[in-house]
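Computed over heavy atoms, backbone and side chain alike; hydrogens, waters and symmetry mates excluded.
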Amino acid sequence: MDPIQSIGIFALNFIQATGQICFLLADTFRCTFAYPFRFRLFWRQLWFIGVQSQGVVLITGAFTGAVFAAQTQFQFGRLGMNSAVGPVVSVAMCRELGPVLCALMVAGRVGSAIAAEISTMKTTEQLDALRALGIYPVQYLVVPRFAAMALSMPILTSMAIFLGIGSGYLVAVPILGVDGVYYWENTVKFTVMKDVLIGLTKAFIFGMIICMISAHRGLHAAPNAEGVGQATTQAAVQSSIACLIANFFLTFLLNTILPD
């Protein structure tokens, strides 16, 4: 197969997968309102996605804020701009580092788990059993995960942002000698509601992307052990890449919608 054929097949597969994910998203919204909401499944997914992801997200946010504060002080300290360390760390955590790193962690932990569980159910013909019982798989499997992800991602991102700013303070002030009063005053002064809204909006959209791609990989996996493995890996990788690409466009879009 020559390179042109490979590129063409890749493009066709990408367009087909994108269309299927869009239809799955529309079907998920339809099922949310067309069928009774399964609260027991929702609470179970909320525990798995929201509560059990706190550890990895909090560690990521804390050390990212600490390292970013240290690097910022190393560079700004040469210019005598130590008082700018706080707002730089705060705005960066709110707008970019918090939502993006949280999405990458959740994509690796939760996205792969969603794809693995659904693809395993497909391999063991549990999806066919659900249909035989009159249960629509999207309503039973995707809707509770989608709702739990949409609620969990902004909360997890908020926690990562808060811990990142706090750890940045602990590194910048006691260790690197930045004035604590200037740190907090400038952080509060230059961090506005727009920064928080941009971060939480991105987190919400990243949650939808991770859930849809992971569920799609699970529902369309080959019904064998190799298919389960491929779906798990593809869900984590494709969700992460999709979030990074979406972040680029969301940055421009949200700054246009929410001007200073």
Side-chain angles (χ1 to χ4, degrees), residues 17-18 20-58 60-61 97-121 136-161 196-221 231-247 249-250 254:
T18 303
Q20 290 172 343
I21 291 172
C22 291
F23 279 114
L24 178 60
L25 178 62
D27 201 17
T28 301
F29 278 119
R30 183 187 68 81
C31 291
T32 302
F33 301 102
Y35 297 97
F37 190 75
R38 295 179 179 273
F39 281 99
R40 193 174 69 174
L41 295 175
F42 167 73
W43 292 120
R44 187 185 303 168
Q45 293 301 320
L46 193 63
W47 175 264
F48 173 69
I49 297 172
V51 177
Q52 295 188 342
S53 297
Q54 288 183 12
V56 65
V57 169
L58 293 180
T60 302
L97 297 178
V100 171
L101 294 177
C102 182
L104 295 179
M105 293 298 107
V106 172
R109 180 185 179 274
V110 178
S112 57
I114 292 175
E117 185 175 356
I118 296 178
S119 59
T120 300
M121 293 180 68
Y136 189 40
V138 173
Q139 185 260 341
Y140 186 82
L141 296 173
V142 181
V143 171
R145 289 169 173 79
F146 183 82
M149 186 76 85
L151 179 61
S152 299
M153 277 297 291
I155 297 175
L156 290 172
T157 300
S158 302
M159 298 170 69
I161 291 171
V196 179
L197 287 176
I198 287 176
L200 297 184
T201 303
K202 284 183 177 181
F204 177 76
I205 295 175
F206 291 161
M208 290 195 299
I209 291 173
I210 294 169
C211 186
M212 286 297 100
I213 291 178
S214 302
H216 171 264
R217 298 316 311 173
L219 291 171
H220 291 82
T232 304
T233 304
Q234 290 172 349
V237 174
Q238 293 176 1
S239 298
S240 301
I241 293 175
C243 288
L244 292 174
I245 295 173
N247 181 56
F249 294 102
L250 285 172
L254 293 174

(request) To the nearest 0.5 angstrom, please state how far the CE atom of M121 sits from the CG atom of L219. (result) 10.0 Å
(request) Nearest 0.5 Å please: distance from the CG atom of L46 over to the CD1 atom of I155. (result) 7.0 Å
(request) Mind running side-chain contact (heavy atoms from CB on, under 4.5 Å) on I21 and L25 for me, showing each step along the way? (result) CA-CA 6 Å; I21 291 172; L25 178 62; 5.6 Å; no
(message) Does atom OH (Y140) have a neighbourhood of more than 12 heavy atoms from anything else shown, all under 6.0 Å?
(response) no
(message) Can you tell me how far apart CD1 (I161) and CG (L200) are? Round to the nearest 0.5 Å.
(response) 6.0 Å
(request) Please name the pair of heavy atoms, one in C243 and one in I210, separated by the smallest distance, quoted to 0.1 Å. (result) SG-CG1, 3.8 Å
(message) Distance check, rounded to the nearest 0.5 Å: L156 atom CG versus L151 atom CG?
(response) 9.5 Å
(request) State, yes or no, whether a side-chain contact exists between C31 and V142 at a heavy-atom distance under 4.5 Å. (result) no
(message) Parallel, tilted or perpendicular, judged at 30° and 60°: which one describes the rings of F146 and F29?
(response) perpendicular
(request) Using atom types as modelled and distance alone, determine if a side-chain donor or acceptor of E117 lies under 3.5 Å from a backbone N or O of G218. (result) no
(request) Starting at CG of L250, measure out to CZ of F204 and round the result to the nearest 0.5 Å. (result) 12.0 Å
(message) I need the minimum non-hydrogen distance between T157 and G199, along with the two atoms involved.
(response) CG2-O, 4.3 Å
(message) Among residues at least two apart in sequence or on other chains, which ones pass salt bridge (Lys or Arg N to Asp or Glu O under 4.0 Å) with R30?
(response) D27
(request) Identify the heavy atoms of A215 and I114 that sit nearest to each other, and give their distance. (result) N-CG2, 4.0 Å
(request) Calculate, to the nearest 0.5 Å, the distance between atoms CG and OG belonging to L104 and S239 respectively. (result) 10.0 Å
(message) I'd like to know if the side chain of S119 reaches the main chain of A116, judged simply by a donor and an acceptor atom lying under 3.5 Å from each other, with no hydrogens or angles considered.
(response) yes
(message) Tell me whether the count of non-hydrogen atoms from other residues, nucleotides or ligands lying under 6.0 Å of CZ in F23 goes above 12.
(response) no
